[in-house]
Amino acid sequence: MTAQTLHPRVQVVWVLRAVLLSALVTAPFAGGAYLEYLPRWAPVAVGAVALTLTVAHALLRYRRWSYEIREDAIYLDRGVITQVRTTVPLVRIQHVDSRRGPIERSVGLASCVVYTAGSRGADVRIPGLTPDGASDLREELKRLAIRADGEDAV
């Protein structure tokens, strides 16, 4: 299987989060300008810089996110500033969920969450999938994990 990318609509979710984060960063500066502690241009400048950086990060994040399912493992490649490559051996998979939060539902997307054996919080989330794609991926990983566990059993 070749490397898979995320559905382009996930960019909408990530850009909306970027806009919200920019607004939160800008709010104290707007308050300072309102109370005349800061010049009136300060919140505009901070907001413009924050919006530019967070939206650019969201778009680059989409471009850098990919995953690949092979017979032995799941391979994930992601990250903008720090590139993260994760390998999840199929024999370590405990269970797989498909998940749709309210924001994902509003744009017609879902995520696939792979829970692994090992330390607490050892899970991998693949965002930006269509609901059918998330279900198909969940079933494929379940099938591959069962087969891998059977081959690894004593």
Side-chain angles (χ1 to χ4, degrees), residues 1-33 38-39 41-142 144-145 148:
M1 180 179 218
T2 60
Q4 302 291 313
T5 58
L6 305 180
H7 195 283
R9 273 184 295 200
V10 76
Q11 293 176 94
V12 173
V13 174
W14 291 348
V15 166
L16 288 174
R17 284 185 191 158
V19 169
L20 179 60
L21 178 61
S22 298
L24 289 173
V25 167
T26 305
F29 291 90
L38 295 172
W41 57 264
V44 174
V46 169
V49 169
L51 187 63
T52 301
L53 291 175
T54 56
V55 168
H57 183 271
L59 298 175
L60 285 171
R61 181 179 175 199
Y62 170 75
R63 291 185 63 190
R64 308 273 177 154
W65 226 112
S66 65
Y67 67 96
E68 186 174 356
I69 309 299
R70 294 189 193 160
E71 293 296 317
D72 62 333
I74 307 167
Y75 298 88
L76 298 116
D77 196 3
R78 62 204 186 280
V80 175
I81 296 168
T82 302
Q83 191 167 15
V84 179
R85 290 191 172 117
T86 304
T87 303
V88 179
L90 294 175
V91 296
R92 304 291 290 167
I93 293 177
Q94 294 292 302
H95 66 280
V96 184
D97 291 339
S98 53
R99 184 178 293 173
R100 294 186 74 198
I103 295 171
E104 287 177 317
R105 279 194 308 269
S106 70
V107 293
L109 294 176
S111 297
C112 188
V113 183
V114 180
Y115 297 91
T116 60
S119 62
R120 181 170 49 182
D123 60 307
V124 173
R125 182 173 173 263
I126 302 172
L129 304 169
T130 63
D132 289 340
S135 293
D136 293 345
L137 182 58
R138 184 189 71 234
E139 292 303 315
E140 179 183 3
L141 290 174
K142 181 178 89 171
L144 290 170

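Not measured: the values here are computed from a predicted model. In this chain, numbering begins with 1 at the start of the sequence shown.
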| message | Distance check, rounded to the nearest 0.5 Å: Ser111 atom OG versus Leu129 atom CG? | response | 6.5 Å

| Can you list the steps and then say if Ile74 with Val124 is a side chain to side chain contact (heavy atoms under 4.5 Å, CB included)? | CA-CA 10 Å; Ile74 307 167; Val124 173; 5.7 Å; no

| Which residue pairs pass the salt bridge (charged side-chain N to carboxylate O under 4.0 Å, His left out) test with at least one member in residues 127-139, sequence neighbours excluded? | Glu139-Lys142

| task | With rounding to the nearest 0.5 Å, note down the distance linking CG in Leu141 to CD1 in Ile69. | result | 4.5 Å

| query | Is there any salt bridge (charged side-chain N to carboxylate O under 4.0 Å, His left out) pair reaching into residues 102-116, and which pairs are they, with sequence neighbours excluded? | reply | Glu104-Arg125

For residues 80-90, dump all side-chain donor-acceptor pairs below 3.5 Å to protein atoms at least two apart in sequence or in another chain.
residue	atom	partner	partner atom	Å
Gln83	NE2	Asp77	OD1	3.1
Thr86	OG1	Arg78	NH1	2.9
Thr86	OG1	Arg78	NH2	3.3

| task | For Gly108 and Pro131, work out which heavy atoms get closest and say how close. | result | O-CD, 3.4 Å

| field | side-chain hydrogen bond (donor to acceptor under 3.5 Å, both in side chains) involving Arg9 - partner list, sequence neighbours excluded | value | His7

| Heavy-atom closest contact (Pro39 atom, Pro43 atom, distance) | O-CD, 3.6 Å

| message | More than 12 heavy atoms of other residues, nucleotides or ligands under 6.0 Å from CG of Leu60: yes or no? | response | yes

| Backbone of Leu109 reached by a side-chain donor or acceptor of Arg100 within 3.5 Å | yes

Show me, pair by pair, the donor-acceptor contacts under 3.5 angstrom made by side chains of residues 48-55, not counting sequence neighbours?
residue	atom	partner	partner atom	Å
Thr52	OG1	Ala48	O	2.8
Thr54	OG1	Ala18	O	3.2
Thr54	OG1	Ser22	OG	2.8
Thr54	OG1	Ala50	O	2.8
Thr54	OG1	Leu51	O	3.3

| note | Pro127 and Trp14 have their tightest heavy-atom pair at CG-CZ2, 3.9 Å

| Gap between atom CD1 of Ile103 and atom CZ of Arg17 - 0.5 Å precision | 6.0 Å

| request: Count the heavy atoms of every other residue, nucleotide or ligand shown that sit under 6.0 Å from CZ of Phe29, and state whether that count exceeds 12. | output: no

| said: Measuring from atom CH2 of Trp65 to atom CG of Leu76, what distance do you get when rounded to the nearest 0.5 angstrom? | reply: 4.5 Å

| message | Ignoring hydrogens, what is the shortest heavy-atom contact between Tyr62 and Leu6? Give both atom names and the distance. | response | OH-O, 3.1 Å

| field | His57: ring-ring contact (aromatic ring centres under 6.0 Å, His included) partners, not counting sequence neighbours | value | none

| Worked verdict on Leu137 versus Tyr67 for side chain to side chain contact (heavy atoms under 4.5 Å, CB included) | CA-CA 11 Å; Leu137 182 58; Tyr67 67 96; 4.2 Å; yes

